Amino acid sequence: QPMTLATSDIAAHSLTSCTCVVTRDQLRPLLLLEDSAAQQFSGLAMDSPNCVLVGLSPSSFHYEKLNQAFQLVVGGARLVAVNKSRYYKRGSELALGTGAFVAGLEFSGDCQAEVVGKPSKTFFDLAVARYGGVPAGEVLMVGDDVRDDVIGAQQAGLQGGLVRTGKYMEGDENKFDVKPDFVFNSLMEMAQYVV
(Lines give C-alpha, C1' and ligand atoms only; values in the text may rest on other atoms or scores of the structure.)
Protein backbone atom coordinates (compact mmCIF):
# COMPACT_ATOMS: atom_id res chain seq x y z
CA GLN A 1 0.00 0.00 0.00
CA PRO A 2 1.62 3.29 -1.08
CA MET A 3 2.19 5.93 1.57
CA THR A 4 3.27 9.55 1.52
CA LEU A 5 5.45 10.81 4.34
CA ALA A 6 4.30 14.04 5.98
CA THR A 7 7.35 15.79 7.44
CA SER A 8 7.51 19.08 9.29
CA ASP A 9 9.20 20.59 6.24
CA ILE A 10 6.32 19.66 3.95
CA ALA A 11 3.14 19.40 6.00
CA ALA A 12 1.07 22.34 7.18
CA HIS A 13 2.53 23.78 10.36
CA SER A 14 0.33 24.78 13.29
CA LEU A 15 1.39 28.43 13.06
CA THR A 16 0.63 28.45 9.33
CA SER A 17 -2.84 27.14 10.11
CA CYS A 18 -3.28 29.89 12.70
CA THR A 19 -2.16 32.54 10.22
CA CYS A 20 -4.77 31.26 7.77
CA VAL A 21 -7.54 31.49 10.38
CA VAL A 22 -6.48 34.94 11.57
CA THR A 23 -6.28 36.28 8.00
CA ARG A 24 -9.45 34.58 6.77
CA ASP A 25 -11.55 35.80 9.70
CA GLN A 26 -9.89 39.25 9.87
CA LEU A 27 -8.89 38.73 13.49
CA ARG A 28 -6.69 41.13 15.44
CA PRO A 29 -4.90 38.85 17.89
CA LEU A 30 -3.32 39.39 21.23
CA LEU A 31 -0.39 37.01 20.74
CA LEU A 32 0.76 34.73 23.52
CA LEU A 33 3.70 33.53 21.45
CA GLU A 34 7.47 33.75 21.67
CA ASP A 35 8.99 36.46 19.48
CA SER A 36 10.27 33.96 16.92
CA ALA A 37 6.76 32.59 16.38
CA ALA A 38 5.09 36.02 16.54
CA GLN A 39 7.12 37.12 13.50
CA GLN A 40 4.78 35.00 11.36
CA PHE A 41 2.02 37.48 12.20
CA SER A 42 3.98 40.66 11.44
CA GLY A 43 2.08 42.96 9.14
CA LEU A 44 -1.31 41.95 10.55
CA ALA A 45 -3.45 44.42 12.48
CA MET A 46 -3.22 43.84 16.21
CA ASP A 47 -4.70 47.04 17.62
CA SER A 48 -7.92 46.57 19.62
CA PRO A 49 -7.58 42.76 19.75
CA ASN A 50 -10.69 40.71 19.05
CA CYS A 51 -9.03 37.37 19.66
CA VAL A 52 -6.41 35.75 21.86
CA LEU A 53 -3.96 33.44 20.10
CA VAL A 54 -2.15 31.08 22.47
CA GLY A 55 0.92 29.04 21.54
CA LEU A 56 3.90 27.74 23.45
CA SER A 57 5.20 30.87 25.12
CA PRO A 58 6.83 30.43 28.52
CA SER A 59 7.66 34.15 28.59
CA SER A 60 3.94 35.04 28.21
CA PHE A 61 2.60 32.64 30.80
CA HIS A 62 2.60 35.00 33.77
CA TYR A 63 -0.29 36.57 35.65
CA GLU A 64 -0.35 39.98 33.95
CA LYS A 65 -0.34 38.60 30.39
CA LEU A 66 -2.77 35.79 31.16
CA ASN A 67 -5.10 38.24 32.91
CA GLN A 68 -4.96 40.53 29.87
CA ALA A 69 -5.96 37.53 27.74
CA PHE A 70 -8.70 36.62 30.21
CA GLN A 71 -10.13 40.17 30.09
CA LEU A 72 -10.38 39.94 26.30
CA VAL A 73 -11.94 36.47 26.32
CA VAL A 74 -14.50 37.29 29.01
CA GLY A 75 -15.34 40.38 26.94
CA GLY A 76 -16.18 38.20 23.94
CA ALA A 77 -12.85 37.86 22.12
CA ARG A 78 -12.31 34.57 20.33
CA LEU A 79 -9.83 32.14 21.91
CA VAL A 80 -7.61 30.41 19.35
CA ALA A 81 -5.01 27.83 20.40
CA VAL A 82 -2.05 26.71 18.33
CA ASN A 83 -2.48 23.41 20.19
CA LYS A 84 -3.44 22.03 23.59
CA SER A 85 -0.35 19.95 24.21
CA ARG A 86 -0.05 18.58 27.70
CA TYR A 87 3.73 18.68 27.77
CA TYR A 88 6.78 18.90 25.53
CA LYS A 89 10.41 17.86 25.73
CA ARG A 90 12.75 20.66 26.87
CA GLY A 91 16.32 19.53 27.12
CA SER A 92 16.35 16.21 28.91
CA GLU A 93 13.06 16.65 30.77
CA LEU A 94 9.38 17.18 30.14
CA ALA A 95 7.89 20.65 30.55
CA LEU A 96 4.33 21.92 30.93
CA GLY A 97 2.71 22.50 27.54
CA THR A 98 0.30 25.04 26.10
CA GLY A 99 -2.79 23.03 27.06
CA ALA A 100 -2.69 23.95 30.74
CA PHE A 101 -2.84 27.66 29.93
CA VAL A 102 -5.50 27.28 27.26
CA ALA A 103 -7.58 25.20 29.68
CA GLY A 104 -7.22 27.92 32.32
CA LEU A 105 -8.49 30.57 29.91
CA GLU A 106 -11.35 28.29 28.83
CA PHE A 107 -12.34 27.64 32.44
CA SER A 108 -12.10 31.23 33.63
CA GLY A 109 -13.56 32.72 30.45
CA ASP A 110 -16.36 30.14 30.28
CA CYS A 111 -15.59 29.44 26.65
CA GLN A 112 -14.10 26.81 24.35
CA ALA A 113 -10.87 27.44 22.46
CA GLU A 114 -10.68 26.79 18.76
CA VAL A 115 -7.68 24.46 18.44
CA VAL A 116 -6.09 25.03 15.04
CA GLY A 117 -3.04 22.79 15.33
CA LYS A 118 -2.71 19.15 16.34
CA PRO A 119 -4.84 17.21 17.12
CA SER A 120 -7.57 19.14 15.28
CA LYS A 121 -8.98 17.60 12.11
CA THR A 122 -8.57 20.99 10.42
CA PHE A 123 -4.81 20.83 10.91
CA PHE A 124 -4.52 17.38 9.35
CA ASP A 125 -6.93 18.28 6.52
CA LEU A 126 -4.73 21.28 5.65
CA ALA A 127 -1.65 19.05 5.72
CA VAL A 128 -3.23 16.48 3.39
CA ALA A 129 -4.48 19.21 1.03
CA ARG A 130 -0.88 20.25 0.43
CA TYR A 131 -0.34 16.93 -1.38
CA GLY A 132 -2.79 17.82 -4.16
CA GLY A 133 -5.25 14.96 -4.21
CA VAL A 134 -3.40 12.24 -2.31
CA PRO A 135 -6.04 10.43 -0.22
CA ALA A 136 -5.68 10.97 3.53
CA GLY A 137 -5.43 7.20 4.06
CA GLU A 138 -2.18 7.16 2.08
CA VAL A 139 -0.51 9.80 4.26
CA LEU A 140 1.53 8.69 7.27
CA MET A 141 1.85 11.08 10.21
CA VAL A 142 4.72 10.13 12.49
CA GLY A 143 5.19 11.75 15.88
CA ASP A 144 6.27 11.24 19.46
CA ASP A 145 2.89 12.18 21.02
CA VAL A 146 0.46 9.26 20.83
CA ARG A 147 -2.60 11.39 21.56
CA ASP A 148 -2.00 14.59 19.55
CA ASP A 149 0.19 13.30 16.71
CA VAL A 150 -0.89 9.72 16.18
CA ILE A 151 -4.51 9.41 17.32
CA GLY A 152 -5.28 12.92 16.03
CA ALA A 153 -4.02 11.88 12.59
CA GLN A 154 -5.93 8.59 12.68
CA GLN A 155 -9.17 10.36 13.62
CA ALA A 156 -8.66 12.62 10.59
CA GLY A 157 -8.27 9.56 8.32
CA LEU A 158 -4.46 9.44 8.07
CA GLN A 159 -2.22 6.58 9.11
CA GLY A 160 -0.52 7.20 12.44
CA GLY A 161 2.96 6.13 13.45
CA LEU A 162 4.43 6.55 16.92
CA VAL A 163 8.18 7.02 17.22
CA ARG A 164 9.85 6.06 20.49
CA THR A 165 11.98 9.21 20.68
CA GLY A 166 11.49 12.77 21.92
CA LYS A 167 8.78 13.00 24.55
CA TYR A 168 7.66 9.38 24.07
CA MET A 169 7.27 7.58 27.40
CA GLU A 170 7.43 3.80 27.83
CA GLY A 171 4.00 2.28 27.20
CA ASP A 172 2.47 5.28 25.38
CA GLU A 173 1.35 3.00 22.54
CA ASN A 174 -0.92 1.12 24.98
CA LYS A 175 -2.47 4.08 26.86
CA PHE A 176 -5.59 4.33 24.69
CA ASP A 177 -8.09 2.02 23.04
CA VAL A 178 -6.99 3.35 19.64
CA LYS A 179 -3.56 1.93 18.82
CA PRO A 180 -0.98 3.41 16.44
CA ASP A 181 -0.92 1.86 12.98
CA PHE A 182 2.87 1.65 13.33
CA VAL A 183 5.40 1.94 16.16
CA PHE A 184 9.00 2.79 15.27
CA ASN A 185 12.03 2.78 17.55
CA SER A 186 13.62 5.66 15.64
CA LEU A 187 13.08 7.99 12.71
CA MET A 188 15.68 5.97 10.81
CA GLU A 189 13.59 2.81 11.28
CA MET A 190 10.54 4.72 10.05
CA ALA A 191 12.41 6.03 7.00
CA GLN A 192 13.61 2.54 6.10
CA TYR A 193 10.05 1.25 6.35
CA VAL A 194 8.58 4.01 4.19
CA VAL A 195 11.26 3.80 1.50
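Keep in mind it's a predicted model, so treat the numbers as computed, not measured.
Results of the side-chain contact (heavy atoms from CB on, under 4.5 Å) test with D172 over V183, V150, V146 single out V146 as the only residue that passes. When the options N50, V52, D25 are evaluated for a side-chain contact (heavy atoms from CB on, under 4.5 Å) with R78, the one that passes is D25. Checked options E173, E189, E170; the residue passing with R164 is E173 (criterion: side-chain hydrogen bond (donor to acceptor under 3.5 Å, both in side chains)). Just one of V80, L30, V115, L79 meets the side-chain contact (heavy atoms from CB on, under 4.5 Å) condition when paired with V54; it is L79.
A distance-only check finds no donor-acceptor pair linking the side chain of T23 to the backbone of C20 [under 3.5 Å]. The main-chain N or O of Q39 is found under 3.5 Å from a side-chain atom of S42 such that the two form a donor-acceptor pair.
Cluster membership for F101 and L72, using ILVMFWY side-chain heavy atoms within less than 4.5 angstrom, is shared. L33 and F61 fall into different hydrophobic clusters, where Ile, Leu, Val, Met, Phe, Trp and Tyr are joined by side-chain heavy atoms under 4.5 Å apart, directly or via other members. Hydrophobic clustering, with ILVMFWY side chains joined whenever heavy atoms are under 4.5 angstrom apart, groups L96 together with L32.
Ion pairing of R86 with D145 is absent here, as no side-chain N (NZ or NE/NH1/NH2) approaches a carboxylate O to less than 4.0 Å.
In terms of heavy atoms, A136 sits closest to A156 at CB-O, 4.2 Å. S59 and H62 get closest at one heavy-atom pair: O-CD2, 3.2 Å. For the residue pair F123 and S17, the shortest heavy atom distance occurs at CD1-OG, 3.8 Å. Residues V139 and V128 come closest through the heavy atom pair CG2-CG2, 4.3 Å. In terms of heavy-atom proximity, V102 sits nearest to N83 at CG2-O, 4.0 Å. Closest approach of V82 and G55 over heavy atoms only: CG2-CA, 3.7 Å.
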C18 and L53: side chain to side chain contact (heavy atoms under 4.5 Å, CB included), yes or no, with the steps?
CA-CA 8 Å; C18 287; L53 178 62; 3.8 Å; yes
Trace of the salt bridge (Lys or Arg N to Asp or Glu O under 4.0 Å) decision for D144 with K89
CA-CA 10 Å; D144 61 1; K89 185 97 177 228; over 6 Å; no
Output, in order, the C-alpha distance, side-chain angles, deciding distance and verdict of side-chain hydrogen bond (donor to acceptor under 3.5 Å, both in side chains) for Q154 and Q159.
CA-CA 6 Å; Q154 290 172 316; Q159 296 182 57; over 6 Å; no
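Under a cutoff of 6.0 Å and an axis angle of 45°, K118 and F124 do not form a cation-pi pair.
With a 4.5 Å cut-off on side-chain heavy atoms, Y88 and L56 count as touching. Taking the side chain as every heavy atom from C-beta outward, F41 and L44 approach each other to under 4.5 Å. Considering only heavy atoms from C-beta on, S85 comes within 4.5 Å of D148 through its side chain. Contact annotation: the side chain of L94 approaches that of M169 to within less than 4.5 Å [non-hydrogen atoms, C-beta and beyond].
Ring orientation note: the planes of F184 and Y193 are tilted relative to one another, at an angle of 30° to 60°.
Around CZ of R28, the count of heavy atoms belonging to other residues, nucleotides or ligands within 6.0 Å exceeds 12.
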